[in-house]
Every structure is written in C-alpha cells, then in structure tokens.
Amino acid sequence: MLLKPEIRTSEEELSNLLADNFFEFGSSGRVWSKKDGLGTNGIGVVKMKLSDFEIHQLSGEIVLTTYRIFNEEKMQYSLRSSIWKF
C-alpha cells in the first residue's frame, strides 16, 4: 500500500499504517521516522515496483518481510526489509 500515490500523499493514511515508533533506512542511507512523512505532501510520490516479496514468521503477531524495490526514476534497485506487527 505504501507504494500507492494516494497513500503516500495522505497524512491520515500514513498515520493509520505506520506505528508511532516507525523508522526506516532509505536507499540513500538516511533514517526516516513517522513524523518525517506526516506533512501536507506525505512522503511524496515516486514510481517504484516491488518484487521478490517474502514473509518470515517471527511470532504469532510479528513477521519480517523482505523484498526488492526498483525505483523507475533513478533506475536503481534496493533490497528492503520490514518488521510488521498485527
């Protein structure tokens, strides 16, 4: 969902999806937090494709996801991971 423009530009949707203590390491190496994305333009619109998505169960309510993102604007791949809690 976070690749969809209507989600990436919505403060309400981002607030609902991301935990208050959310952070990520961007492809540039910069660390982003939830508060960085909760402005009038959200986290911005970029054209990316997701592939090789896998889910690794860590507990009954927590999974580690691993995936590959292709940024079509920069013509660059990055490997990503994320911990999701239900």
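Source: prediction; values computed, not measured.
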Report yes or no: do Ser10 and Arg8 form a side-chain donor-acceptor pair below 3.5 Å?
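Ser10 vs Arg8: no donor-acceptor pair found between side chains.
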
Cut-off 3.5 Å, side chains only: do His56 and Thr65 have a donor facing an acceptor?
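No donor-acceptor contact under 3.5 Å links the two side chains.
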
Just by distance, do the side chain of Thr9 and the backbone of Pro5 share a donor-acceptor pair under 3.5 Å?
yes

Please confirm whether the backbone N or O of Phe22 pairs with a side-chain atom of Lys34, one donor and one acceptor, at under 3.5 Å?
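Checking the backbone N and O of Phe22 against the side chain of Lys34, no donor-acceptor pair under 3.5 Å is found.
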
Flag if over 12 foreign heavy atoms under 6.0 Å of [atom1], [X]:
X	atom1	result
Phe23	CZ	no
Asn16	CG	yes
Glu73	CD	yes
Phe53	CZ	yes

Mind running side-chain contact (heavy atoms from CB on, under 4.5 Å) on Leu64 and Ser81 for me, showing each step along the way?
CA-CA 7 Å; Leu64 170 68; Ser81 64; 4.0 Å; yes

Rounded to the nearest 0.5 Å, what's the gap from [atom1] on [X] to [atom2] on [Y]? Could you check?
X	Y	atom1	atom2	answer
Gln57	Ile62	CD	CD1	9.5 Å
Ser78	Arg68	OG	CZ	9.0 Å
Ser51	Tyr67	OG	OH	11.5 Å
Ile69	Leu3	CD1	CG	4.5 Å
Ile7	Glu13	CD1	CD	4.0 Å
Leu14	Lys35	CG	NZ	15.5 Å

Verify same cluster id: Phe86, Trp84 (apolar side-chain graph, 4.5 Å):
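The answer is no; the residues belong to distinct hydrophobic clusters.
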
Are Arg30 and Phe25 in a cation-pi contact, defined as NZ or CZ under 6.0 Å from the six-membered ring centre and within 45° of the axis?
no

Show, in sequence, the C-alpha distance, side-chain angles and deciding distance for Leu18 and Leu2, and conclude whether the side-chain contact (heavy atoms from CB on, under 4.5 Å) test is met.
CA-CA 10 Å; Leu18 302 176; Leu2 289 173; 4.1 Å; yes

Within-4.5 Å side-chain heavy-atom neighbours: Glu72 and Met48
no

